Amino acid sequence: MDNKLQIYNTLDRKKELFTPLHPPLVGLYVCGPTVYGDPHLGHARPAITFDILFRYLSHLGYKVRYVRNITDVGHLENDADAGEDKVAKKARLEQLEPMEVVQYYLNRYHKAMDALNVLPPSIEPHASGHIIEQIQLVKEILDKGFAYESQGSVYFDVPKYNKEHKYGILSGRNIEDMLNTTRELDGQEEKHNSVDFALWKKAAPEHIMHWPSPWSEGFPGWHLECTAMSKKYLGEVFDIHGGGMDLVFPHHECEIAQSVASMGQEAVRYWMHNNMITINGQKMGKSLGNFITLEEFFTGNHAMLSQSYAPMTIRFFILQAHYRSTVDFSNDALLASEKGLARLMEAYNNIERIEAKQNGENAEIKALEAKCYEAMNDDLNTPIAISNLFEATRIINSAIAGQLSVSQSDIDNLKKLFETFLFDLMGIKDEMKDGNTSYESFAKAIDLLLDMRQQAKQNKDWATSDKIRNELTTIGFEIKDTKDGFEWKLNK
RNA sequence: GGUUCCUUGGCCGAGUGGCUAGGCACCGGUCUGCAAAACCGUCUACGGCGGUUCGAAUCCGCCAGGAACCUCCA
């Protein structure tokens with residue numbers, strides 16, 4: 001397929017034509033979650049953003065190997081190089097095996113991602129399962145002279161690296177500024193420079209998770225896992241590395257340094273970063289305690305929510321903003337998304353009611369597909385693609401209302417437009433119908449009731465007619481009369 | 001303090017020099033037994049001040065306000 005996909009590369013801060021290293025193969029690596037708590041709205045953003053990329057690249061005909069890691073060791077509290085491991089801390093607090101904590105939250109993460117219709121990645125490697133690879137990487141960096149051992153721990157020598165290569169190319173920082181502004185923290189006396197970061201940490205006696213290594217009984221530094229695992233599964237150089245913008249520094253900057261130090265070249269060709277979800281203008285995050293978990297959205301069990309929200313509403317809400325913009329969460333914004341999505345779904349479900357009344361092809365309808373592709377090619381501009389689907393919705397509704405006559409070919413084009421862009425690429429699904437085997441029987445029963453109401457209406461028995469409508473409305477159905485019958489839908 | 005970035009109509013949110021998305025809400029009309037929905041129409045904004053240009057939301061400068069990162073966070 002003719003590829004015109006432009007993606008914004010954080011490395012040079014502009015959009016570039018995407019050209020894979022080894023077409024038709026594409027290597028995609030995305031930083032996954034640290035599994036020590038329930039997934040919240042912030043986790044949904046990168047998962048959905050890169051799910052769209054995964055789906056679109058596959059749609060374009062690429063064979064994508066999508067690797068999304070699970071951080072289950074090495075991610076420390078308070079500081080990247082000192083403090084307590086997040087997973088281990090949770091395990092200690094809850095008196096569980098660390099792997100019990102990991103498994104519990106990983107299951108919940110998977111469940112939430114599944115609800116959001118996020119496709120599973122091709123490979124989901126765990127950091128703890130790749131200790132050997134990480135130790136090997138530390139050895140290579142030591143061999144090249146860009147790291148040093150200190151009291152059983154190994155640190156990356158950032159100033160030395162910076163003399164031969166530039167440290168800070170991704171985040172736009174320079175090392176002098178960092179040396180002047182980095183705070184003094186505990187446990188840094190082992191480091192030669194405050195900007196150095198840990199590759200291997202010697203475990204304190206109370207530390208639960210540790211492995212043998214040439215330097216000490218210990219555990220790998222956080223930045224190491226992504227470099228080691230991406231190399232193992234995608235090769236020394238691969239196409240796209242994604243993650244949240246908050247990972248640009250230091251995590252991704254350190255990954256670049258590790259790759260260059262060990263291999264002499266950068267591993268990643270395109271760096272992509274999704275922006276944050278904010279709440280009252282501030283980043284939604286664990287540290288600020290202002291996050292809302294996905295489960296709370298699905299159940300509506302949160303003070304800021306006026307009701308429960310379907311997973312698809314959350315997904316649609318996220319897709320209505322460009323992935324590089326911050327998106328400010330509010331209950332009102334979510335309500336607006338819910339209504340908007342319902343409008344799209346209804347239009348799609350009603351396409352079959354359009355009667356073909358002419359031949360030929362409507363140019364405006366035909367153009368929508370090209371416009372949607374154009375939007376997706378422009379750095380995955382889902383809000384523009386969605387706006388075109390709303391144009392299609394207007395056309396569908398006009399045709400049903402008899403204010404516009406279209407051909408069978410137009411109808412097919414409209415149907416295909418929704419199926420390609422809304423369902424296949426943006427990953428929206430009909431939560432009522434998909435996977436619900438009893439839906440058909442259920443729908444027939446409602447149709448039967450409404451047929452009876454039609455009879456009553458014909459007999460001008462408004463009492464019976466209104467009773468059926470009102471009671472169904474109370475249960476949560478929305479009943480609409482049309483000129484040739486009726487429509488219904490169940491609101492959640 | 002350093003680095004990066006943002007400020008669009010009642011709300012959300014696209015848009016990098018002229019063609020000024022889209023959704024939600026509101027209002028008016030059509031349709032309807034009533035209603036709902038739908039359709040049509042209305043409302044037409046770009047933080048402030050300058051500059052460049054025939055022309056700027058869009059480029060440049062200054063000012064104001066805000067955010068992210070610099071410490072774990074998607």
Side-chain angles (χ1 to χ4, degrees), chain A residues 10 13 30-34 36-37 39-50 75-84 86 168 171-174 176-178 180-183 185 195 222 242-251 253 273-278 281-288 291 316-317 320-322 324-330 332-341 343-344 346-347 350 371 375 378 381-391 393-394 396-398 400-404 457 460 462 465-466 469-470 473 478-483 487 489:
Chain A
T10 309
R13 293 170 203 282
V30 175
C31 290
T34 300
Y36 69 112
H40 58 74
L41 191 58
H43 292 100
R45 188 109 197 248
I48 289 172
T49 297
F50 294 103
H75 207 163
L76 306 181
E77 289 281 334
N78 305 322
D79 174 49
D81 302 327
E84 196 169 5
K86 280 176 183 293
S171 57
R173 289 157 207 265
N174 69 71
E176 289 77 20
D177 290 337
M178 284 185 263
N180 292 334
T181 57
T182 303
R183 279 199 234 163
L185 290 159
V195 289
W222 172 40
M245 263 181 194
D246 50 350
L247 298 178
V248 170
F249 191 90
H251 185 53
E253 200 71 76
H273 293 97
N274 62 273
N275 214 319
M276 301 293 105
I277 288 179
T278 61
Q282 270 202 317
K283 178 177 166 180
M284 184 182 284
K286 198 115 182 153
S287 58
L288 292 163
F291 65 95
F316 189 68
F317 170 69
Q320 274 188 298
H322 188 263
R324 281 189 291 110
S325 301
T326 56
V327 51
D328 197 54
F329 158 80
S330 70
D332 285 348
L334 224 45
L335 280 172
S337 287
E338 183 178 75
K339 288 188 180 172
L341 178 58
R343 189 167 134 89
L344 288 180
E346 210 175 333
N350 288 335
K371 285 181 180 175
D378 184 17
N381 199 327
T382 51
I384 292 289
I386 289 171
S387 77
N388 284 299
L389 293 177
F390 277 111
E391 289 301 321
T393 295
R394 187 179 49 74
I396 290 166
N397 288 333
S398 294
I400 291 170
Q403 297 183 4
L404 178 75
K457 279 178 68 177
K460 299 203 187 299
W462 309 127
S465 149
D466 288 354
R469 183 176 68 194
N470 294 342
T473 303
E478 190 173 310
I479 311 300
K480 298 175 205 168
D481 290 342
T482 61
K483 66 174 187 291
E487 284 175 36
K489 66 175 179 178

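Each chain gets a letter, A, B and so on, in the order its sequence line appears, and its residues count up from 1. Source: prediction; values computed, not measured.
Classification of the A:F291-A:H40 ring pair by plane angle, with boundaries at 30° and 60°, yields tilted.
Checked against B:C69, B:A14, B:A74, the side chain of A:N274 finds its nearest nucleotide in B:A74. Comparing B:A14, B:U4, B:C12 by their closest approach to the side chain of A:A333 singles out B:C12.
Note: CZ (A:R324) to P (B:U4) measures 17 Å, nearest angstrom. Atom NE2 in A:H322 sits about 11 Å away from atom C1' in B:G15, given to the nearest Å. Separating the CG atom of A:D378 from the C1' atom of B:U16 is a distance of 11 Å, rounded to the nearest angstrom. The distance from atom CD of A:E253 to atom C1' of B:U4 is 12 Å, rounded to the nearest whole Å. To the nearest angstrom, P of B:U71 lies 14 Å from CG of A:D246. In this structure, CZ of A:R45 is placed 10 Å from C1' of B:A74, rounded to the nearest angstrom. Whole-Å rounding puts the A:N275 CG to B:U4 P distance at 16 Å. Summarising the geometry, the separation between NE2 on A:H251 and C1' on B:U71 is reported as 15 Å, rounded to the nearest angstrom.
Using a 4.5 Å heavy-atom cutoff, the side chains of A:N397 and A:R394 are not in contact. Two residues are said to be in side-chain contact when any heavy atoms from C-beta on lie closer than 4.5 Å; A:I384 and A:H322 fail this criterion.
Separation of the P atoms belonging to B:A56 and B:G51 is 12 Å when rounded to the nearest angstrom. With C1' as the reference atom, B:C60 and B:G66 are 22 Å apart, rounded to whole Å. Separating the P atom of B:U7 from that of B:C39 is a span of 31 Å, rounded to the nearest Å. Look at the P atom in both B:U52 and B:U44: the space between them is 30 Å, to the nearest Å. With C1' as the reference atom, B:G22 and B:U8 are 14 Å apart, rounded to whole Å. B:G41 sits 30 Å from B:U58 when the C1' atoms are compared, rounded to a whole Å. Nucleotides B:A35 and B:C43, compared at atom C1', are 27 Å apart to the nearest Å. Distance check on atom P: B:C19 versus B:A57 gives 9 Å, rounded to whole Å.
Listed here is the closest heavy atom pair of A:A321 and A:P383: C-CG, 3.7 Å. Of all the heavy atoms in A:R324 and A:M245, the pair that sits closest is O-CE, 3.9 Å. The two residues A:F329 and A:F317 make their nearest non-hydrogen contact at CA-CZ, 3.9 Å. When all heavy atoms of A:T393 and A:A347 are compared, the pair lying nearest together is CG2-CB, 3.6 Å. Minimum heavy-atom separation, A:N350 to A:E487: ND2-OE1, 3.4 Å. Of all heavy-atom pairs between A:G172 and A:R13, the closest is N-NH2, 4.0 Å.
Checked by atom type and distance alone, the side chain of A:Q320 never pairs as donor or acceptor with a backbone atom of A:S337 at under 3.5 Å.
Enclosure of atom NZ in A:K489 by more than 12 non-hydrogen atoms of other residues, nucleotides or ligands within 6.0 angstrom is indicated.
With pairs defined as Watson-Crick or G-U wobble and both atom distances under 3.5 Å, the stems of at least three pairs that touch RNA chain B come out as B:1-7 with B:64-70, B:10-12 with B:22-24, B:27-30 with B:38-41, B:47-51 with B:59-63.
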Would you give a per-nucleotide map of nucleotides 22-38 of chain B, 5' to 3', where B means the base has a protein non-hydrogen atom under 4.0 Å away, S means only the sugar-phosphate does, and - means neither? SSSS-------BBBBSS
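Across all strands shown, A:G42 has heavy atoms under 4.0 Å from base atoms, whether or not it also approaches the sugar-phosphate. Counting non-hydrogen atoms under 4.0 angstrom, A:H273 reaches nothing in the nucleic acid. Base engagement by A:M276 is indicated by at least one non-hydrogen atom pair under 4.0 Å involving a base atom.
Sequence order on RNA chain B of the closest nucleotides to A:S330 and A:N174 puts A:N174 first from the 5' end. Residue whose closest nucleotide on RNA chain B sits further toward the 5' end, between A:V327 and A:C31: A:V327.
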